[in-house]
Every structure is written in structure tokens, then in C-alpha cells.
2 protein chains.
Amino acid sequence: MKDTIMFQLRKDQFYLTVDAAVFTILDKQLKLLLIRRKYPPFEGRYALPGGFVRIDEFLKQAVGRELEEETGVKGIFLQKLPAFGDVGRDPRGRVITIPYLALINSEEVRLHSTGDAELARWQPVYELPELAFDHQRIIDVALSKLRDELERTNIAADIMPARFTLTELQTAYEIILDRKLDKRNFRKRLRELSMVKELSETKMEGAHRPARLYSFRSKDHKGI
Amino acid sequence: MKDTIMFQLRKDQFYLTVDAAVFTILDKQLKLLLIRRKYPPFEGRYALPGGFVRIDEFLKQAVGRELEEETGVKGIFLQKLPAFGDVGRDPRGRVITIPYLALINSEEVRLHSTGDAELARWQPVYELPELAFDHQRIIDVALSKLRDELERTNIAADIMPARFTLTELQTAYEIILDRKLDKRNFRKRLRELSMVKELSETKMEGAHRPARLYSFRSKDHKGI
DNA sequence: CCAAAAGTGTTAGTGATACACCCATGT
DNA sequence: ACATGGGTGTATCACTAACACTTTTGG
């Protein structure tokens, strides 16, 4: 079981972990995937999902694997963040972590909270409990990277369902950036960047004009 | 001697290195500090200066130490870049490197090329030989980060002498960005950002009007 | 007085922001 | 017919880019 390695680390060598800062939007809030630690150190505290990289494993593979173990989701875009490697950041030994940023559409996830697995939960980003290790700092970096990417790339594709209305997309932007956007300017910009394509279907729901559905032209992560 | 550790690495553990992509301007060219490897692997090839992190050493300390060993310079600003950790990037074992970006004024450096030390040289960035490891990729990342920072921060302070003319500063920008800039726009922008302060002295040299000298207001690295 | 680099403002264009009304539907 | 969210264009402002001549010195 994967935590075995964690009980006793040698003091004379480096260990490498990956952590994933996975954001989603749920209940109109920006949320972050956290797991509750079942073992020391920081037993009982919340932490980013992640774990030790295997000696013959690529970093991205390792995050992908950890993430799949926690969420059942694979194949999502992962963006490398600067390493955290201060002496003392892990009381067990010298552990360097490579954090990754990811976005995910919460509809596509079933969190595993069965049996022995650590309890995984979506936590509102602005109401985080005290976290294990230096994970709060990692999250700060991840969030500002996320906002940065959101304005420069099509990363939003990862957080949206396959088909969505422009209002839904704008709401996602607003939730992530934590500020209101102008509807006409938002749509004009989308047109100029031609990031999304109009579908023929509409979404009929509620007592009002049906909304046109759109999809991203490409889910490949790319700049504007 | 520092290479001792490198001869035989264990295959079942991680090793951590830091590498420094140190840029300077010399002979009107953007140059990069490279060392020639005296030992395998990649014996005889050029590589970024760097080395193994000690188990109780902070990453930044480690780069600082390596850099001081190579160049005699300390206390310069170092910016962390994304880690490189692919399996197989070092034939000796699983070595993860944290690269750092730095700029330095070549006037302040005396390269050590004495005795046992590896030969350190300034190499023009656009005419690099084939490099060891994945260092060419690291350099590509470092260079684009450098250009990015140059337009958003006062990082240029690190590459300039204490006192300089605005033409010299503009030339440095042009060399790094590899494109011409407009003199009046450049100066207007400097004024708006108030990044530099005017000194009372002038630089009298050559058969033309003397140029006013300037210095950076702060060498602290900060955004605009 | 000529050569050489220093120094200095204005205009046009482009992108960002602010803003208000009509439309299609369900009840 | 009214309530609800969907959908659309224009005017202003701010920032960026383009551009040419005068100044001061040494030779």
C-alpha cells in the first residue's frame, strides 16, 4: 500500500514527490481537491493529493497516476509549477515536491472515499483549513498561475463540460478570477480569439429565451 | 573534490542537482556561462554550471554556492525555473535538476579556470555547441523566461554596471530581446516606470555630446 | 564645420473598458 | 402580460507604435 514508504525515510537521501492542485467549480464556488491525511506527519490535516514518485517513473506519469487513484480521472492537462524543496518542509526527511496545476470538470469526477483510501474532498478555495506541509504556499502559487493562464490560454476548456452556454463560461471565469466581467466584452473577446464554436443545439431550461450551446474548438492547451 | 559523488550513483534513489543559466552581455552579444565537463558522462561537452545539492542545503544556497565556485560572484538574484526530471536525462541514475536563471554584469566576474576546476567560458547564446544532458532545453526555457522578465520587471539591473547611460541600457534590452527598440518610446517608458534615477555625472567619451549617467533605483527584483 | 551619438514630443492606431436595450421563452 | 436570463453594438479612454530634428561635444 502506497504509504508504506512514508513511515521511515532515510536522512541521507532525497525523496521526490508530486502534488496536484486540482481546481474545479462546484456550487458556484472555486474548489480544490484535498485529501485528509490518515498517517503522520500531519495526521488528520488536509493536504494536496500526491505522493512519492517511483524511481523509474516520469513526473507527469506520477501525478497522473496519483490523480487517477484519487479521483478516477485521467488524461487531463497538468501544468508543472516551480519545485518546493526547502530543508525541513517535510519532517521525515529531505523531500522535494514538484507541484502540478490542473483543472477538471467536477461532473466527470467520482471521488474515491472508499475503504483504506484517504478521504478526498472538494474544499472551497477561500475557506481552507490549516494544511499539511507547505501546501498552502503551493496553492497560492497554483491559484495565481491558474488566473494567469485563464487570461492567456484556453485552459478553461478543462473545467467546462463538453457543451456549455456562454453565460456558464463567463460565470466560470468570474468565479476563478473572483471578479465580475462585462458580458458584451467577454463575448467579443471570445469571438476575436475564436476559442469556442457555436453548436446548433440550444439549452432550454427556465422561463426565458433558450441559450445557444458552444464547445471549445480544441482542448489542447495553447496560448492566445 | 566535488565530482566524487558523481562517479557512481545508486540506481534506487533520487539525486538532486541545481543548474544555473547565467546570462551576461559581452562584446555586444548575449552570452551564457558554460563549463566544459572533465568527467563522464558527457566528458568534454559543455554544460550549465551546477552540481549536486547537499542533503541539508537549501536549493538557492546550493546554486549560490556552485555559482560562487565557478564565477567568484555571490549575492545575485536567482530565479527558479521548472524542474527537469525525466527518466534517463542523466545516464548515471535518476537525477532531478532545478534550474535557476540569473543575470550578471560581466565586469564583475573573474571566471575561474585554474587547476582542477572545470573550464568556465562565456558562450554566445546563438552559437552554442551540442550540450550535455538536456541542458539545451533548459536554456531555451531560461531564455524565454529572461525575455519575459525583462519586459515585466527590473531584472535588467542585474546585467548593468552601477552607472550606465540610457543608450547602454537600451542596447542591453535589444541584445537580450534580439530586436531593435525605439529610443524615444524606450525612454518614455523608463520615465513612467521610474525604474532608473538620473545622476549628476555624465560620461564623456567619443566625439559627441556627453551622455547622462543613470543608476537603478533599486536592485531588488520586482514587477512593474 | 563636420561627424557622431545624445536628447526630446506629437500623432495615429489599436486594444480595453463602459454602457442599455430588445429577444425568446415559460408561467 | 410579465418575469427571466439571452443576446447584441458603439463611444470613449488608455496604451502602444511610429516617426525627425536639434544639441553638444571632439577632431
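We name chains A, B, ... by the order of the sequence lines, and we start the count at 1 in each one.
Annotation: side chain of B:Leu16 is in contact with side chain of B:Leu59 (closest heavy-atom distance under 4.5 Å).
Residues from residues 162-186 of chain A with heavy atoms under 4.0 angstrom of DNA chain C, sorted by number: A:Asp182, A:Arg184, A:Asn185. Contacts of residues 195-216 of chain B with DNA chain C (heavy atom under 4.0 Å): B:Ala207, B:His208, B:Arg209, B:Pro210, B:Ala211, B:Arg212.
Side-chain atoms of A:Arg45 do not come within 3.5 Å of backbone N or O of A:Arg37 as any donor-acceptor pair. Looking at B:Thr24, its side chain does come within 3.5 Å of a backbone N or O of B:Ile104 through a donor-acceptor pair. Side chain of A:Thr153 to backbone of A:Leu150: no donor-acceptor contact under 3.5 angstrom is found.
The ring-ring contact (aromatic ring centres under 6.0 Å, His included) check on A:Phe77 picks up A:His221, with sequence neighbours excluded.
The aromatic ring centroids of B:Phe133 and B:Phe84 lie 6.0 Å or more from each other.
Mapping heavy-atom proximity under 4.0 Å, the span of DNA chain C touched by chain B runs 5' to 3' from C:dA3 to C:dT10.
Not a single donor-acceptor pair, N or O on each side, falls under 3.5 Å between the base of D:dT16 and the side chain of B:Lys188.
Within the structure, salt bridge (charged side-chain N to carboxylate O under 4.0 Å, His left out) contacts touching residues 180-193 of chain A (residues at least two apart or in different chains) are A:Glu174-A:Lys180. Evaluation of the ring pair (Phe, Tyr, Trp, His ring centres under 6.0 Å) test over residues 179-214 of chain A, restricted to residues two or more places apart or in two chains, returns A:Tyr173-A:Phe186.
One atom, CD of B:Glu192, and another, P of D:dA14, lie 13 Å apart when rounded to the nearest Å.
B:Glu201 has no carboxylate O lying under 4.0 Å from a charged side-chain N of B:Arg212, or vice versa, which leaves the two without a salt bridge. Ion pairing between a basic and an acidic side chain is recognised when a charged N comes within 4.0 Å of a carboxylate O; A:Glu151 and A:Arg147 show no such pairing.
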